[in-house]
Amino acid sequence: MTASSSIITRFAPSPTGFLHIGGARTALFSYLVAKRHGGRFLLRIEDTDRERSTQEAVDAIFEGMDWLGLASDFDPVYQTQRFDRYREVIAQMLEAGTAYYCYCTREELDQMRNEQMARKQKPRYDGRWRPEPGKTLPPPPDDVPPVVRFRNPTEGKVVINDLVRGQIVFDNGELDDLIIARADGTPTYNFCVVIDDWDMNVTHVVRGDDHVNNTPRQINIFQALGGTPPHYAHVPMILGSDGTKLSKRHGALGVMEYRAMGFLPEAMLNYLVRLGWSHGDQELFTRDEMIAKFDFDHVSSSPSRFDMEKAYWVNHQYLKTAPLEKVVPEFEWHLQRMGLDLSGGPGLEDVIVAQRERCRTLLEMAEKSHFLYAELSGYDEKDAAKHLKPETAEVLEALVTKLSALPEWQAEAIHQCVHAVAEERELKLGKVAQPIRVAVVGMAVSPPIDQTLMLLGRTRTLARLEAAVEHIRNRSEQH
RNA sequence: GCUCCCAUCGUCUAGUGGCCUAGGACGUCGCCCUCUCACGGCGAAAACAGGGGUUCGAGUCCCCUUGGGAGUGCCA
């Protein structure tokens with residue numbers, strides 16, 4: 001089907017900061033529609049505002065998109081590299097009469113706005129430089145560099161058939177003549193978007209619903225140019241957990257912050273796709289399933305809150321089931337970030353398998369695995385007081401003897417040693433396992449004791465058990 | 001102010017006029033499992049913002065109210 005295979009969507013952030021969670025979801029939705037229909041996805045950098053755009057932000061956006069695995073099917077487009085094209089179109093519009101020069105100064109405009117607000121009217125340009133048949137314009141002042149305004153229709157309505165909102169109607173009488181080129185000649189957002197979407201054959205515009213009010217203006221520009229507007233899908237914004245707009249204080253974090261918190265990119269995508277979209281009762285989706293099932297009919301039109309708890313849960317599901325080769329590099333990244341030397345410790349895959357059921361994030365996993373790659377810095381005070389009691393010294397010693405005699409360092413054999421020590425003394429397993437745990441981990445939490453010792457290795461295990469015996473003896477002598 | 005949008009458990013949502021005494025998931029609480037922490041299993045509490053219509057029948061359609069949000073820039 002030609003129509004659907006030629007679908008092109010785009011994600012068009014302005015590089016004024018990192019890729020945040022809302023942008024990431026918009027990008028994902030946009031990517032998904034394209035892939036769903038065998039189309040292509042484009043990344044476009046909207047950097048016409050040179051004051052606020054930075055290279056760091058551009059890099060941060062690429063880094064985020066890259067981490068999430070949302071690749072552009074085209075070379076990314078930069079609006080600042082298209083200024084010649086914008087100028088060309090503006091000249092054409094001036095020529096055709098669909099745009100005109102306006103010589104109002106900023107002061108004049110401010111005054112106009114203030115007066116209108118004072119009269120409780122909607123602030124808008126009054127069209128004083130707009131050419132009309134039979135109207136005489138004032139003589140252009142020669143000390144004011146003009147801006148270019150779009151000559152918006154004054155009659156009729158603009159109808160948007162939004163893919164998620166349904167029909168939205170705007171009265172042209174509500175719109176005014178927006179500026180499409182600044183006094184310095186640089187084009188503005190609403191204009192560039194239209195030219196770009198047009199030139200790049202974008203068929204579906206997926207963006208935040210803060211843009212719905214721009215849409216009728218953009219449609220009008222399209223029509224003035226003789227182009228056909230794309231389909232629009234305005235997705236609601238993502239709110240913080242308290243229901244207010246995302247701010248730096250709560251959650252307006254870059255996606256890379258979520259990496260630092262220990263999220264897997266696939267989990268992030270899965271959480272995001274379910275935020276505002278649903279497919280029946282399904283919670284977990286592989287990327288292929290997302291692509292096969294995503295549709296705008298089931299995108300919610302009300303804003304949703306970012307729920308960290310649910311995000312953790314999704315991440316945990318991925319941690320438990322994701323192929324090891326996906327998890328290892330991310331886990332390694334965290335361990336190295338903690339400054340650990342991995343060479344003397346157990347293999348990462350084994351650690352992940354032992355830890356993944358009890359960790360919701362990779363960061364948590366790294367913290368809980370710290371004892372495997374570095375010497376103990378001491379015992380948790382409470383745990384030591386509870387489990388490293390004078391009578392346990394003998395138990396640990398007995399275990400040292402048994403473990404030393406083991407021909408091979410295998411989990412099953414270790415397990416039997418621990419059980420034997422417990423049975424010989426008619427102790428419950430917990431009475432033996434917990435002291436061991438504190439002795440080798442430093443605290444009373446770790447994977448099953450045989451696995452813990454297995455991972456730690458014979459040398460470190462024996463050394464730590466002996467150190468614990470010494471610790472207990474020293475302490476009891478002091479009393 | 002004006003324009004536009006939104007409204008089901010605490011949260012994400014199912015629901016497209018009868019299948020709804022409203023389902024699932026996260027979280028919460030209880031029980032079970034258990035060498036710790038977890039995983040897992042079982043169970044519980046928990047919602048259609050309010051008011052009018054339309055209809056034999058409304059969470060689902062319409063209107064109003066209330067409450068949220070966005071826009072109203074020579075920002076994007």
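Letters A, B, ... mirror the listed sequences (proteins, then strands); counts begin at 1. When reading the values below, keep in mind they use all heavy atoms of this one structure, side chains included, and skip hydrogens, waters and symmetry mates.
Applying the 4.0 Å criterion to OP1 and OP2 of B:rA14, one finds that A:S278 has a side-chain N or O inside that range. For B:rU13, the OP1/OP2 oxygens have no side-chain nitrogen or oxygen of A:R274 closer than 4.0 Å. When the side-chain nitrogen and oxygen atoms of A:S53 are compared with OP1 and OP2 of B:rA76, none of them lie within a distance under 4.0 Å. Checking the phosphate oxygens (OP1, OP2) of B:rC5, no side-chain nitrogen or oxygen of A:R165 falls inside 4.0 Å. Side-chain N/O atoms of A:H279 include none lying less than 4.0 angstrom from OP1 or OP2 on B:rA14.
Separating the P atom of B:rU60 from that of B:rC19 is a span of 13 Å, rounded to the nearest Å. To the nearest whole angstrom, the two P atoms, one in B:rG71 and one in B:rU55, are 41 Å apart. Taking atom C1' on both nucleotides, B:rG40 is separated from B:rU34 by 11 Å, rounded to a whole Å. Taking atom C1' in both B:rC42 and B:rC5, one finds a spacing of 44 Å when rounded to whole Å. Rounded to whole Å, the separation between the P atoms of B:rA46 and B:rG23 comes to 12 Å. One C1' atom belongs to B:rC33, the other to B:rU16, and the distance between them is 44 Å to the nearest Å.
For A:H211, taking side-chain heavy atoms from C-beta onward, the closest of the listed nucleotides B:rC6, B:rC74, B:rA76 is B:rA76. You'll find that the side chain of A:A433 is closest to B:rC35, out of B:rC35, B:rU16, B:rC37. Listed candidates were B:rG24, B:rU3, B:rU13. Nearest to the side chain of A:S300 is B:rU13. Ranking B:rC74, B:rU11, B:rA7 by closeness to the A:S302 side chain, first place goes to B:rA7. Ranking B:rU13, B:rC4, B:rC6 by closeness to the A:S304 side chain, first place goes to B:rU13. Among the nucleotides B:rC37, B:rC26, B:rC5, the one closest to any side-chain atom of A:K368 is B:rC37. For A:W313, whose side chain is taken as the heavy atoms from C-beta onward, the closest listed nucleotide among B:rA25, B:rU16, B:rC35 is B:rA25. Residue A:K122 has its side chain nearest to B:rG71 when only B:rC12, B:rA38, B:rG71 are considered. With B:rU36, B:rA76, B:rG1 as the candidates, the nucleotide lying closest to the side chain of A:D49 is B:rA76.
Closest approach of A:Q79 to A:D47, counting heavy atoms only: N-OD1, 3.2 Å.
In this structure, A:G276 reaches the sugar-phosphate backbone alone: every heavy-atom distance under 4.0 Å involves primed, P, OP1 or OP2 atoms, never a base. Among the heavy atoms of the strands lying under 4.0 Å from A:I449 is at least one base atom, whether or not backbone atoms are also near. Within the 4.0 angstrom heavy-atom criterion, only backbone atoms of the sugar-phosphate kind lie near A:T48; the bases stay farther away. Backbone-only contact: A:K320 has heavy atoms under 4.0 Å from sugar-phosphate atoms and none from a base. Among the atoms of the strands shown, none is found under 4.0 Å from any heavy atom of A:F306. Residue contacts shown for A:E174 are limited to sugar-phosphate atoms, with no base heavy atom under 4.0 Å away. Across all strands, A:P448 comes closer than 4.0 Å to base atoms (heavy-atom distances).
Around the OH atom of A:Y101, the shell of radius 6.0 Å holds no more than 12 heavy atoms that belong to other residues, nucleotides or ligands.
For the residue pair A:N172/A:N220, the side-chain donor-acceptor check at 3.5 Å is satisfied.
Taking the six-membered ring for Trp and the full ring otherwise, the centers of A:Y103 and A:W129 sit less than 6.0 Å from each other.
In this structure, A:D162 atom CG and B:rG71 atom P are separated by 16 Å, rounded to whole Å.
Residues satisfying the side-chain hydrogen bond (donor to acceptor under 3.5 Å, both in side chains) test with A:D281, not counting sequence neighbours, are none.
Taking the six-membered ring for Trp and thresholds of 30 and 60 degrees, A:F306 and A:Y258 have ring planes inclined between 30 and 60 degrees apart.
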